[in-house]
Amino acid sequence: MRRPFIAANWKMNKTVSGTREFISSFIPEVKDVTDVDIVIAPPFTSLVVAAEELKNSNVIIAAQDVFYEEKGAYTGEVSPLMLADIGCRYAIIGHSERRQYFDETDEIVNRKIKAAKRGGVGAILCIGESLEEREAGKTFDVLEREIDKGLFETDTGDIVIAYEPIWAIGTGKTATPEQAQEAHAYIRERIGVKYGNKGDEVRIIYGGSVTPENIDSLMVCKDVDGALVGGASLKAESFVRIVKFNRF
Ligand code: 13P
């Protein structure tokens with residue numbers, strides 16, 4: 001059985017006080033949830049505060065990015081060592097917004113994943129096709145390339161894969177459960193081809209306009225093991241409902 005993994009990606013939202021506010025109303029509502037990995041990825045400026053506030057809770061802290069060097073003259077960057085030091089368990093790597101606005105290539109994504117793992121930080125590897133790629137029938141090609149290159153010369157230990165079709169991010173246009181299941185099944189098959197039985201173990205989560213209204217129908221899908229939630233994770237009440245999705 002794969003343990004559900006429900007993660008909030010706050011992107012460039014929330015100050016420290018907004019983070020504290022969220023956490024104080026969120027924690028009491030989810031403290032009894034024992035069968036889900038609940039993850040919050042605040043911006044870097046809120047990470048330390050979030051890590052402290054969530055220390056003895058059932059909520060895991062993640063970063064939204066990480067650099068591939070351990071230390072040195074890399075102005076503006078944050079290393080896996082620094083994340084591990086504050087108790088950050090995961091880093092989101094290769095989000096489509098980073099690929100799109102910051103020119104992150106599959107090679108950079110791969111270096112970040114390897115560095116994170118070396119530093120004891122798990123990776124949430126984001127992959128997914130654009131609308132043009134989907135319409136051109138290239139979805140599986142894109143997924144294959146992003147998996148093969150992203151995980152080049154590394155293994156699947158401590159990796160969660162987030163399938164985030166770019167056309168569904170922040171658009172209100174969620175993939176249908178059928179579209180999500182089809183892509184997730186393909187990703188699992190591809191992991192299976194590369195890593196044998198690990199295909200059954202790796203958690204594959206869906207991201208792209210996940211809301212309290214659609215989480216239940218997505219979580220029913222056989223190969224959907226959780227969600228990476230942007231907009232709907234910014235309000236505690238809404239993210240609580242997503243974490244407490246209905247098990248049919
Ligand atoms: P939205 O949930 O706002 O569509 O964002 C999804 C996402 O990019 C999560 O990483």
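Scope of the values below: all heavy atoms of this structure, side chains included, with no hydrogens, waters or symmetry mates. Just follow the structure's listing: the first ligand is 1, and inside any ligand the first atom is 1. Counting from 1, the numbers follow the sequence of the chain as shown.
Applying the side-chain contact (heavy atoms from CB on, under 4.5 Å) rule to Ser57 yields the partners Ile27, Leu54, Val59; only residues at least two apart in sequence or on another chain are considered.
The aromatic rings of Phe26 and Phe239 lie parallel to each other, with less than 30° between the two planes, well short of the 60° mark.
Counted within 6.0 Å of CD on Glu21, heavy atoms from surrounding residues, nucleotides or ligands total 12 or fewer; the atom is thus considered open. With a 6.0 Å radius and a threshold of 12 heavy atoms from other residues, nucleotides or ligands, Glu107 has its CD atom above the threshold.
The protein heavy-atom contact nearest to atom 3 (O) of ligand 1 is Gly231 N, 2.8 Å. Counting only heavy atoms of the protein, atom 7 (C) of ligand 1 lies nearest to Glu164 OE2, 3.1 Å. Distance from atom 2 (O) of ligand 1 to its nearest protein heavy atom, with residue and atom name: Gly230 N, 2.9 Å. Nearest non-hydrogen protein atom to atom 5 (O) of ligand 1 is Lys11 NZ, 3.2 Å.
Heavy-atom contacts of Gly208 reach the following atoms of ligand 1: 4 (O), 6 (C) (cutoff under 4.0 Å). In summary, the atoms of ligand 1 found under 4.0 Å from a heavy atom of Ser209, numbered by their order in the structure, are 1 (P), 2 (O), 4 (O).
Between the side chains of Trp167 and Glu129, at least one donor-acceptor pair of N or O atoms lies under 3.5 Å.
Relative to the six-membered ring of Phe5, Arg203 misses at least one condition, a distance below 6.0 Å or an angle of at most 45° to the axis.
If you look at Ala168 next to ligand 1, the close heavy atoms, those under 4.0 Å, all belong to the backbone. With a heavy-atom cut-off of 4.0 Å, Asn9 touches ligand 1 through its side chain alone.
In this structure, of Ala227, Gly170, Ala232, Gly128, the residue bringing a heavy atom nearest to atom 4 (O) of ligand 1 is Gly170.
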task = Could you check Gln64 against His95 for side chain to side chain donor-acceptor pair (under 3.5 Å), going step by step and ending with a plain yes or no?
result = CA-CA 8 Å; Gln64 296 176 17; His95 192 282; over 6 Å; no
